[in-house]
Asker: 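Quick one: this structure, given as structure tokens, is what I'll be asking you about.
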Amino acid sequence: MTATLVPLVVLLPLIGSACTLILGGNRRLQVMVSTATLSAVVVIAAVLLALTQADGPTVVYLGAWDAPFGITLVVDRLSAIMLLISAIMLLGVLVYSIGQGVADRHRETPVSIFHPTYLILAAGVFDAFIAGDLFNLYVGFEILLSASYVLLTLSGTGERIRAGVTYIIVSLVSSLFFLSAIALIYGATGTVNIAQLSVRIAELPGSVQLILHLVLLIAFGIKAAVFPLSFWLPDSYPTAPAPVTAVFAGLLTKVGVYAILRSETTIFRENDLGTLFLVVGGLTMLIGILGALAQADIKRLLSFTLVSHIGYMIFGIGLGTEAAIAATIFYVVHHITVQTTLFLSTGLIERIGGATSMTRLGGLLKLSPLLGVLFFIPAMNLGGIPPFSGFLGKTALFLAGAQVGTPLVWVVVAIGALTSLITLYALARFWNMAFWRGRDEVEGYTSELLSSVQEAPEGATIVATRTMPPLMLVATTALVVVSVLLTVFAGPLFDLTTAAAHGLLDPSAYVSLVFPGGVR
């Protein structure tokens with residue numbers, strides 16, 4: 001049963017994309033197909049997680065070609081966790097985008113383009129998580145990147161085209177490094193299967209291992225937006241429509257983090273670059289959050305906090321212990337949820353306030369108390385306020401660092417604590433200025449709502465206000481609830497991530513399952 005379900009997480013979005021493309025003239029049917037597709041993937045991912053937790057990893061050989069000759073799909077605990085949280089976020093953002101499209105008459109997200117592309121993006125994300133070889137992982141990346149080019153430039157404004165060009169160039173450079181790394185690895189080992197590489201890489205000379213390791217890390221580091229390879233992100237993400245930005249911020253960088261985590265624990269586990277990871281992780285935290293402090297626009301502020309919090313995940317990977325890897329996986333789940341929710345809340349702020357800059361916003365709490373709560377909860381979560389999952393994840397990472405206890409680790413722990421405090425300050429400052437202060441306190445306050453004031457034929461005045469569509473509110477509220485549930489069920493989730501970390505650091509079961517007869 002499990003083997004039958006695994007390919008469906010990729011096939012269903014691809015089939016759904018084809019159907020929505022054919023149904024381009026029928027918006028209602030497109031919405032029904034895309035929603036049903038992602039809902040089905042959520043159910044399948046939940047079943048896969050339960051089965052994997054009970055029975056261990058599952059391997060599927062496509063076309064009846066055994067590894068390493070055919071395409072191998074592997075679902076272990078880490079893959080299943082990433083599939084489930086990604087499917088939930090993609091479904092939530094889809095509902096949000098449907099509400100926005102209906103309210104805006106599909107100016108921002110043209111249905112005939114958006115739904116097929118969005119499902120292709122989902123297929124690429126899911127394929128990356130279950131890929132059992134580097135080339136299939138590369139294909140997953142290329143699928144999601146091709147779709148992301150279209151989504152990033154929706155509506156075709158000059159600003160979005162410029163951001164899209166930068167994003168495309170950076171992505172192509174990253175793909176070039178990735179493809180070069182695959183060619184070099186295949187030339188050195190004769191395989192690109194991850195399980196087989198876990199044995200053959202260790203047989204190479206140390207200098208060769210290091211070269212292969214670094215080339216692959218550069219490719220993944222660009223995709224994960226790790227400093228100093230993160231320069232492209234703050235200018236690319238904020239220009240896209242709110243649902244697109246939410247997906248990019250929540251998921252796309254985490255696919256890069258997943259690739260780093262998988263390669264470090266399975267392929268290059270004997271070629272230790274822990275010190276490099278600790279240094280880069282600390283710098284990513286610090287540089288990212290200092291950039292956030294200088295931003296007045298909440299979209300750019302959140303983009304810089306996105307970069308800074310990738311540093312926590314790199315820090316956990318650099319520690320390399322079971323406790324650290326478990327905390328890293330927990331933090332990835334937390335950050336996907338919270339970062340996505342914050343960008344969706346920002347989309348609602350832009351609708352109500354007509355701007356995203358704290359210099360132009362005010363009085364939003366009086367105008368919409370619910371919106372104040374929907375932004376406040378994930379903001380405090382990202383800032384690490386107890387008892388939210390952000391606090392639990394950071395505490396787990398710091399405790400794992402304390403167990404290692406080297407001077408460099410303590411320095412990075414201190415940077416992590418400082419980053420958390422600055423994150424809290426930056427987000428609290430925005431909330432105070434946008435929500436708490438009165439609208440009359442804003443110097444030179446102007447509102448986009450004034451442009452919708454029209455004169456009636458009888459000489460009266462009709463004021464058309466911009467409200468929050470119900471579907472957008474429902475989707476954002478649902479994801480806020482999911483972020484709170486991560487705190488409520490933190491114990492079982494940590495048990496799950498600990499089991500996933502144990503499997504990653506002892507990949508013998510993974511290897512023997514993919515190659516029952518050996519890996520030679």
Side-chain angles (χ1 to χ4, degrees), residues 77-78 81-82 84-86 88-89 224-226 249-251 253-254 256-258 260-261 265 277-278 281-282 284-286 288-289 302 305-342 377-404 409 412-424 426-427 479-502 504:
R77 291 185 180 91
L78 175 60
I81 291 170
M82 297 302 293
L84 180 58
I85 191 64
S86 300
I88 292 172
M89 291 302 108
V226 175
L251 284 181
T253 52
K254 307 313 179 303
V257 172
Y258 166 83
I260 294 174
L261 183 58
T265 55
F277 274 89
L278 293 176
T284 303
M285 294 182 207
L286 191 59
I289 202 59
L302 289 175
T305 62
L306 167 62
V307 172
S308 70
H309 286 250
I310 294 295
Y312 288 99
M313 305 166 205
I314 300 302
F315 168 61
I317 295 172
L319 291 174
T321 63
E322 183 174 305
I325 298 301
T328 300
I329 299 171
F330 180 91
Y331 202 81
V332 168
V333 174
H334 146 79
H335 198 257
I336 288 173
T337 308
V338 172
Q339 197 76 42
T340 303
T341 306
L342 280 170
I377 291 176
M380 295 300 100
N381 200 338
L382 188 66
I385 292 295
F388 290 120
S389 57
F391 170 79
L392 299 176
K394 290 170 185 173
T395 301
L397 283 170
F398 295 162
L399 289 176
Q403 292 175 359
V404 176
V409 169
V412 181
V413 167
I415 292 174
L418 178 63
T419 299
S420 185
L421 291 173
I422 297 177
T423 301
L424 180 61
L427 292 173
L479 294 190
V480 170
V481 171
V482 171
S483 71
V484 173
L485 290 177
L486 293 181
T487 301
V488 175
F489 296 101
L493 182 55
F494 264 115
D495 291 340
L496 186 59
T497 61
T498 300
H502 180 75
L504 287 173

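The shown structure was predicted, so the numbers you read here are calculated from the model rather than taken from an experiment.
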Asker: Side chain of Gln339, backbone of Leu302: donor and acceptor closer than 3.5 Å?
Answerer: yes
Asker: Measure the OG1-CD1 distance between Thr340 and Ile88 for me, rounded to the nearest 0.5 Å.
Answerer: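 Answer rounded to 0.5 Å: 11.5 Å.
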Asker: Taking atom types as modelled, find out whether Tyr312 and His335 have a side-chain donor-acceptor pair closer than 3.5 angstrom.
Answerer: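 The criterion, which ignores hydrogens and geometry beyond distance, is not satisfied for His335 and Tyr312.
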Asker: Only one of Thr253, Ile314, Val307 clears side chain to side chain contact (heavy atoms under 4.5 Å, CB included) with Val226; which?
Answerer: Ile314
Asker: Donor-acceptor pair, Thr497 side chain versus Phe494 backbone, under 3.5 Å?
Answerer: yes
Asker: I'd like to know if the side chain of Lys254 reaches the main chain of Ala249, judged simply by a donor and an acceptor atom lying under 3.5 Å from each other, with no hydrogens or angles considered.
Answerer: yes
Asker: Taking Asn381 for the side chain and Phe388 for the main chain, is one N or O donor matched with an acceptor at less than 3.5 Å?
Answerer: no
Asker: For the residue pair Phe315 and Val409, establish whether any side-chain heavy-atom pair is separated by less than 4.5 Å.
Answerer: yes
Asker: Can you check whether Ser308's main-chain N or O pairs, donor with acceptor, with Thr284's side chain at less than 3.5 Å?
Answerer: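 Looks like no, no N/O pair under 3.5 Å.
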Asker: Roughly how far apart are Leu496 CG and Arg77 CZ, rounded to 0.5 Å?
Answerer: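 Going from CG on Leu496 over to CZ on Arg77, the span is 7.5 Å.
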Asker: To the closest 0.5 Å, what do you measure between CE (Met285) and OG1 (Thr423)?
Answerer: 10.5 Å
Asker: Quick check for you: to the nearest 0.5 Å, what is the distance between Ile385 atom CD1 and Ser420 atom OG?
Answerer: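 Going from the CD1 atom of Ile385 to the OG atom of Ser420 covers 7.5 Å.
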